[in-house]
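Keep in mind that this is a model prediction, so the values were computed, not measured. Chain letters run A, B, ... following the sequence lines, proteins first, then strands; residues in each count from 1.
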Protein chains: 2
Amino acid sequence: MLTKRQLLILKIIIDEFIDSAHPVGSRVISKKDGISLSAATIRNEMSDLEELGYLEKTHTSSGRIPSEKGYRYYVDHIIAPTIKSSNINIIKHVMQEGYFEVEQVVQKAAEVLSELTNYTAIILGPEIYDTKLKQIQLVPLSDHSAVSILVTDTGHVEHRSFSIPFDMKASDLEKMVNILNDRLAGVPILSLQEVIQDEVLHLMKRYVTDFERAYVYLSKVFSQDQPVKVYVGGKSNLLLQPEFRDVNKIHSFLSIMEDEQEIARLVQTSKEGIHVRIGQENDIDAIKDFSLITATYHVHGDQKGTIGLLGPTRMEYRKVITLLNAFSSEMTEALYLMYKDK
Amino acid sequence: MLTKRQLLILKIIIDEFIDSAHPVGSRVISKKDGISLSAATIRNEMSDLEELGYLEKTHTSSGRIPSEKGYRYYVDHIIAPTIKSSNINIIKHVMQEGYFEVEQVVQKAAEVLSELTNYTAIILGPEIYDTKLKQIQLVPLSDHSAVSILVTDTGHVEHRSFSIPFDMKASDLEKMVNILNDRLAGVPILSLQEVIQDEVLHLMKRYVTDFERAYVYLSKVFSQDQPVKVYVGGKSNLLLQPEFRDVNKIHSFLSIMEDEQEIARLVQTSKEGIHVRIGQENDIDAIKDFSLITATYHVHGDQKGTIGLLGPTRMEYRKVITLLNAFSSEMTEALYLMYKDK
DNA sequence: TGTTAGCACTCCTTACCCTTGAGTGCTAAT
DNA sequence: ATTAGCACTCAAGGGTAAGGAGTGCTAACA
């Protein structure tokens, strides 16, 4: 257990390092307001804190920088109790500007979030666990091609073009769509394939000539190729941080950011609420010297989305956590208003 | 007019510099195959070429690097005659893997193109000049909200959610959509607004109660917010080039790449075929020390798209032009096959 | 007249040394 | 328990010297 004084010194060092990115020396601390100790005393305390694993040195005679354990302690015990979900007006304002699409809200949130922090914002669109099919539409484009359109009860639209076998009758196609609409409306998106197999295929067999081949074409419509949508804001913002003086680091970082599904895996979490992952705590090697803070938001009660900020381990934890808290609830509210009568 | 020997030397210097990114000295050239001149002679020629504006020095006693005028000459007179649109098999293979969406073809092309060159690929989706409206659909989600869906004759789908005024009758809404479909099917997307104003509004006035307010809501559906779709592949690839040793350059480059509409403006051109823009020739300041090579491709004869590669002025012009030629025709063919019966 | 060898000169790059300053750890005094 | 003092360490920056790549010019040569 740390003494009150060690705690204070640890806090000062981390705050200072977060601000300046330079190792913090004993003299700087001794001059701080609220500190009436000499540099020598501070040095002793710092030496103890290093032995306990909360601080590190970059070389023998350098000042101290926080270790990951230090950051962890800082997040869990020093700032956590002081954070309150502040309802910043700007955010409320931005989030409720009368958008009509989830996409817009989420994209805007990512941009604003990144701008406010200079870190990279990553937002996962609402998951589709609980969305249900509202309607299937089929728009013929020509004799041999058509677009199929799926609409969910949340207003999300998926579409896909496909070819129609040469000898297939238009009337059969129509029958298929009718059957599908009749049977599939209200079915959760994730169960579509299953319900089709169990309940719809035998019906189609009865009414539709040559249905097997037709189904091969239609089934493409139901294959989800993109499980979650990923929105990223301010990739280049993060590169302003002094941590990126090294060009190789920039490149490896950007390579990761090009793979959306990798990003999704990175951010995804089962936990509710705020989740802080510091350095090595991250699952993916490539960002083991970054910190990632995520929060969840909700649409319509059941659908969950994730909103996160990726920055250097030397991150403004307090600010980011406060912001994420605010965004999480504002987004939930904005999306609730959008769907309140659906 | 350059002598044959000057031409040869200019070509060697540019080829060498493209390859190594280092200034080229007279000795290196004198040792090349096909050169039986001493370094001193080469030096005289180089001096002349510099005076003519085709070469530059980085400092008084350095080797030569090509000037932009040099690159321009190289592109126009040295390599241009030797380029033939090679039908590389890999490209054909990649481009015709049985995609069903334009999006997929274009996105894939951007990725492959960047991978083959280590430059950044930028592709503008087919322009909508000539696409026509196929159908408008309205899917009600609840009493007070609905999704409207526009399908074009090329299978492109646009959609938008909107709220329904509380006191509006469902039957009125249906009437509106019927009128719209009846009158707008086959109308070019770009003329939609106009045709609505001229031909549709007075019809609606007759049949639909309180149509003015309804129209306010519906009109949102017809506003194009994204004129062209932009696909980018391999942003980070380009950063591997030695030109990016300077971190500031990286940052300014990435900032540009975040603004899709800026990119679109950058790449857009009215010219058909291959178009090479070297350094200062580019419209936008931010990339005045890059080169941009673009080619056009076609969908369905009339729609035009642009496909481009952005790299350092020290670009592998020959390779890129050959590749773009090949991709341009392969994409045109792949997209033609997709739509041949529409 | 075109080509070439030779040489002095320029400038970049790298290595090395030296100095400076920030910071530590330890000891002894308070 | 705290602090002043001091020796020590290391990074960063400036200055200089050596090495090397390359040029331009001159004079000789074919």
What do you reckon, is [atom1] of [X] surrounded by more than 12 foreign heavy atoms closer than 6.0 Å?
X        : atom1 : result
B:Glu115 : CD    : no
B:Arg27  : CZ    : no
B:Glu272 : CD    : yes

Could you check how far [atom1] of [X] sits from [atom2] of [N], rounded to whole Å?
X       : N      : atom1 : atom2 : answer
A:Ile29 : C:dA22 : CD1   : P     : 16 Å
A:Asp48 : C:dC26 : CG    : P     : 11 Å
A:Glu50 : C:dG23 : CD    : P     : 15 Å
A:Ile42 : D:dA1  : CD1   : P     : 16 Å
B:Ile9  : D:dT23 : CD1   : C1'   : 15 Å
A:Glu16 : C:dG23 : CD    : P     : 10 Å
B:Lys31 : D:dA21 : NZ    : C1'   : 11 Å
B:Met46 : D:dA21 : CE    : P     : 15 Å

*asked:* Evaluate B:Glu243 against B:Asp289 for side chain to side chain contact (heavy atoms under 4.5 Å, CB included), listing each step before the verdict.
replied: CA-CA 10 Å; B:Glu243 274 77 3; B:Asp289 50 348; over 6 Å; no
_With hydrogens left out and only the distance checked, is there a donor-acceptor pair under 3.5 Å joining A:Ser61's side chain and the base of D:dT9?_
yes
Phosphate OP1/OP2 of [N] contacted by [X] side-chain N/O (<4.0 Å):
X       : N      : answer
A:Arg27 : C:dT24 : no
A:Ser62 : D:dC10 : no
A:Arg64 : C:dA22 : no

*Please determine if B:Lys235 and A:Glu258 form a salt bridge, counting it only when a charged side-chain N lies under 4.0 Å from a carboxylate O.*
no
*Going by atom types only, do B:Thr41 and B:Ser38 share a side-chain donor-acceptor pair under 3.5 Å?*
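B:Thr41 vs B:Ser38: donor-acceptor pair found between side chains.
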*Kindly point out which of D:dC10, C:dT10, D:dG24 is positioned nearest to the side chain of A:His59?*
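Among D:dC10, C:dT10, D:dG24, the one nearest the side chain of A:His59 is D:dC10.
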*If you check every side-chain atom of A:Lys57, which of D:dC10, D:dT23, C:dG25 has the closest atom?*
C:dG25
*How far apart are the closest heavy atoms of B:Val75 and B:Ala80, and which atoms are they?*
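Nearest heavy atoms, B:Val75 then B:Ala80: O-CB, 3.2 Å.
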Using nucleotides 3-8 of chain C, report all nitrogen or oxygen pairs with the protein that are shorter than 3.5 Å.
residue, atom, partner, partner atom, Å
C:dT3, OP1, B:Arg5, NH1, 2.8
C:dT3, OP2, B:Arg5, NH1, 3.3
C:dT3, OP2, B:Arg5, NH2, 2.9
C:dT4, OP2, B:Ser38, N, 3.0
C:dT4, OP2, B:Thr41, OG1, 2.7
C:dG6, O6, B:Arg43, NH2, 3.2

